[in-house]
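Because only heavy atoms are used, hydrogens play no part in the values below, and waters and symmetry mates are left out as well, while side chains stay in. On a predicted model such as this, the values are computed, not experimentally measured, just so you know. So you know, we letter chains A, B, ... as the sequences are listed, proteins then strands, and number each from 1.
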2 protein chains.
Amino acid sequence: MPGRWCRGPAKWWHGEFRGCGYRITIPRQIILQVLDESKEHLSAEDIYLKVHNIYPAIGLTTVYRTLDLLVNMGLIFKFDFGDGRARYELARGANEPYHHHHLICTNCGRIIDYTDFVDEELELIKKTEKELSKKYNFEIKNHTIQFYGLCDECSDKEK
Amino acid sequence: MPGRWCRGPAKWWHGEFRGCGYRITIPRQIILQVLDESKEHLSAEDIYLKVHNIYPAIGLTTVYRTLDLLVNMGLIFKFDFGDGRARYELARGANEPYHHHHLICTNCGRIIDYTDFVDEELELIKKTEKELSKKYNFEIKNHTIQFYGLCDECSDKEK
DNA sequence: TATATTAATGGAAATCATTATCAATAAGGA
DNA sequence: TCCTTATTGATAATGATTTCCATTAATATA
């Protein structure tokens with residue numbers, strides 16, 4: 001039986017790491033695994049706790065550092081939903097089925113992913129990106145669209 | 001000569017304050033004045049410093065409290081551009097000429113307002129809002145669209 | 001496979017934006 | 001003008017994120 005932390009089959013991101021000269025370490029592997037297995041919008045602490053279950057030696061500092069690295073590499077997205085902590089999720093390509101945006105309840109903090117109209121959005125976004133990058137000479141790498149309001153439960157409570 | 005802090009002519013927002021039972025105080029007046037006079041995306045501390053120049057007795061706590069109040073009243077918007085501090089700007093109606101979105105340079109933090117395609121965006125946003133509020137029973141009050149990337153200067157530097 | 005190099009780690013302390021506490025102050029109605 | 005109580009501001013507390021630095025471990029190389 002292989003050791004507990006055996007590397008296993010090479011993952012899709014190993015090449016990207018090696019190409020940049022980054023080392024493939026246990027903390028990095030597990031952080032990516034946790035992000036990959038979770039459909040949620042995890043905070044750094046959420047991730048720390050989940051990784052800690054698998055690999056108790058993990059340090060919170062390493063989680064922050066790794067998340068920062070992954071954001072810079074474009075492998076994950078960092079969001080701010082207005083509750084004072086950043087949230088992270090794996091970046092699937094903008095054209096892949098996972099592409100989505102967020103509805104954020106300003107009362108209870110619930111976050112709903114939606115994929116409706118993403119095609120039409122993307123079309124407009126592409127057009128806008130093209131024009132804006134020309135007009136402002138701005139190299140656009142990413143975008144966010146977020147809707148704020150009240151979820152069904154919080155909306156009911158107000159009545 | 002009237003006192004330094006005489007109220008002067010009633011402002012457009014006085015009614016909204018009175019209607020909610022909120023008092024019209026000197027700090028609130030000056031904070032709104034500062035927001036109105038600035039075209040920038042001010043942080044709480046920026047606002048504190050500007051208000052302090054006019055009214056040195058201001059406290060940072062009051063600035064935060066007032067901004068929170070104004071956000072809840074819908075008079076100002078609160079943004080997060082990813083630099084760890086919130087930014088505020090006066091909310092002109094979504095249909096007024098001031099409506100704009102942001103290009104954010106992830107390298108130097110520069111923020112560029114753009115108003116291009118806002119009409120088309122608004123059309124899509126309205127349609128999306130309509131559908132999403134129906135589908136998820138979500139009461140949408142607001143939205144943000146942000147583009148992240150490199151401004152012309154930072155883009156040049158990388159080469 | 002053993003070794004050397006140095007990137008990466010993790011615990012503790014530091015930082016920094018924002019919030020809570022609470023006694024003093026002042027807005028606005030009577 | 002006076003009274004009620006919303007509002008204020010100084011200080012302390014909080015909580016997320018960063019910095020520091022000695023230790024560890026990934027990878028290139030012998």
Side-chain angles (χ1 to χ4, degrees), chain A residues 3-8 10-11 13-15 17-32 41-49 51-52 54-73 78-88 109, chain B residues 3-8 10-11 13-15 17-32 41-49 51-52 54-73 78-88 109:
Chain A
R4 191 162 176 208
W5 311 124
C6 74
R7 184 155 305 133
K11 296 290 192 291
W13 47 270
H14 283 192
F17 266 66
R18 292 202 208 283
C20 295
Y22 299 136
R23 294 180 179 174
I24 292 164
T25 66
I26 293 164
R28 289 176 178 172
Q29 293 184 72
I30 300 185
I31 288 169
L32 273 160
H41 318 85
L42 302 175
S43 68
E45 199 187 349
D46 293 336
I47 293 166
Y48 169 75
L49 291 173
V51 173
H52 189 268
I54 305 173
Y55 181 71
I58 191 73
L60 187 51
T61 305
T62 299
V63 172
Y64 275 107
R65 248 186 322 231
T66 303
L67 291 172
D68 198 45
L69 178 71
L70 296 176
V71 168
N72 284 326
M73 291 178 75
K78 180 179 184 179
F79 291 99
D80 178 284
F81 296 140
D83 65 345
R85 65 188 66 188
R87 309 272 172 171
Y88 302 85
Chain B
R4 193 164 174 205
W5 311 123
C6 73
R7 183 156 304 133
K11 296 290 192 291
W13 46 270
H14 283 192
F17 266 67
R18 294 228 159 78
C20 295
Y22 299 135
R23 294 182 179 172
I24 293 163
T25 66
I26 292 164
R28 289 176 177 172
Q29 293 185 71
I30 300 184
I31 288 169
L32 273 160
H41 318 84
L42 302 175
S43 68
E45 199 187 349
D46 293 337
I47 294 166
Y48 169 75
L49 291 173
V51 173
H52 189 270
I54 305 173
Y55 181 72
I58 192 73
L60 186 52
T61 306
T62 299
V63 172
Y64 275 107
R65 249 185 322 230
T66 304
L67 291 172
D68 198 46
L69 179 70
L70 297 176
V71 167
N72 284 325
M73 292 178 74
K78 179 179 184 176
F79 291 98
D80 179 285
F81 297 140
D83 65 346
R85 63 189 66 191
R87 308 272 171 173
Y88 301 85

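Nearest nucleotide to the A:R18 side chain, out of C:dT9, D:dT27, C:dG28: D:dT27. Taking only side-chain atoms of B:P27, from C-beta outward, the nucleotide of C:dG28, D:dG9, D:dT17 with the closest atom is D:dG9.
Counting any heavy atom pair closer than 4.0 Å across all strands shown, A:R65 reaches a base atom.
Distance B:M73 CE to D:dT7 P: 10 Å, rounded to the nearest Å. As rounded to whole Å, 14 Å separates atom P of C:dA17 from atom NZ of B:K78. With rounding to whole Å, B:L42 atom CG is found 13 Å from C:dT18 atom P. Rounded to whole angstrom, the span from the CG atom of A:N72 across to the P atom of D:dT18 amounts to 11 Å. Taking atom CD1 of residue B:I30 and atom P of nucleotide D:dT7, one finds them 17 Å apart after rounding to whole Å. Rounded to an integer number of Å, the gap from CD1 of A:I58 to C1' of C:dT9 is 8 Å. In this structure, the CD atom of B:Q29 is 11 Å from the C1' atom of C:dA27, given to the nearest Å. A:L67 has its CG atom 15 Å from the P atom of C:dA8, to the nearest Å.
To the nearest 0.5 Å, atoms CD1 (B:I47) and OH (B:Y88) are separated by 7.0 Å. Between the CG atom of A:L42 and the CG atom of A:L49 there is a distance of 10.0 Å, given to the nearest 0.5 Å.
B:Y48 pairs by the side-chain contact (heavy atoms from CB on, under 4.5 Å) definition with B:H52, B:I58, B:L60, B:V63, not counting sequence neighbours. Residues that satisfy the ring-ring contact (aromatic ring centres under 6.0 Å, His included) test with B:F17, not counting sequence neighbours, are B:W13. The side-chain hydrogen bond (donor to acceptor under 3.5 Å, both in side chains) check on B:T62 picks up B:R65, with sequence neighbours excluded. Remark: B:D83 engages B:R87 in a side-chain hydrogen bond (donor to acceptor under 3.5 Å, both in side chains) (not counting sequence neighbours). B:D46 is linked by a side-chain hydrogen bond (donor to acceptor under 3.5 Å, both in side chains) to B:S43, counting only residues two or more places apart in sequence or in another chain. Looking at residues two or more places apart in sequence or on another chain, you find no side-chain hydrogen bond (donor to acceptor under 3.5 Å, both in side chains) involving B:T66.
Applying the 3.5 Å distance criterion, the base of C:dA20 shares a donor-acceptor pair with the side chain of B:T61.
Axis deviation across the helix from C:dT1-D:dA30 to C:dA30-D:dT1 amounts to 40°, comparing end segments of five pairs, rounded to 10 degrees.
Residues A:L69 and B:A44 both approach DNA chain C. Their nearest nucleotides, taken by heavy-atom distance, put A:L69 toward the 5′ side.
The side chain of A:R23 contributes no N or O atom lying less than 4.0 Å from OP1 or OP2 of D:dA25. Between B:T62 and the phosphate of D:dG9, there is a side-chain N or O to OP1/OP2 separation shorter than 4.0 Å.
Taking the ring centroids of A:F79 and A:H41, they lie at or beyond the 6.0 Å cut-off.
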Is there any protein nitrogen or oxygen under 3.5 Å from a nitrogen or oxygen in nucleotides 14-16 of chain D, and what are the pairs?
{"from": "D:dA16", "atom 1": "OP1", "to": "A:R85", "atom 2": "NH2", "distance (Å)": "2.7"}

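When atom types are taken as modelled, the side chain of B:D68 and the backbone of B:Y64 share no donor-acceptor pair closer than 3.5 angstrom.
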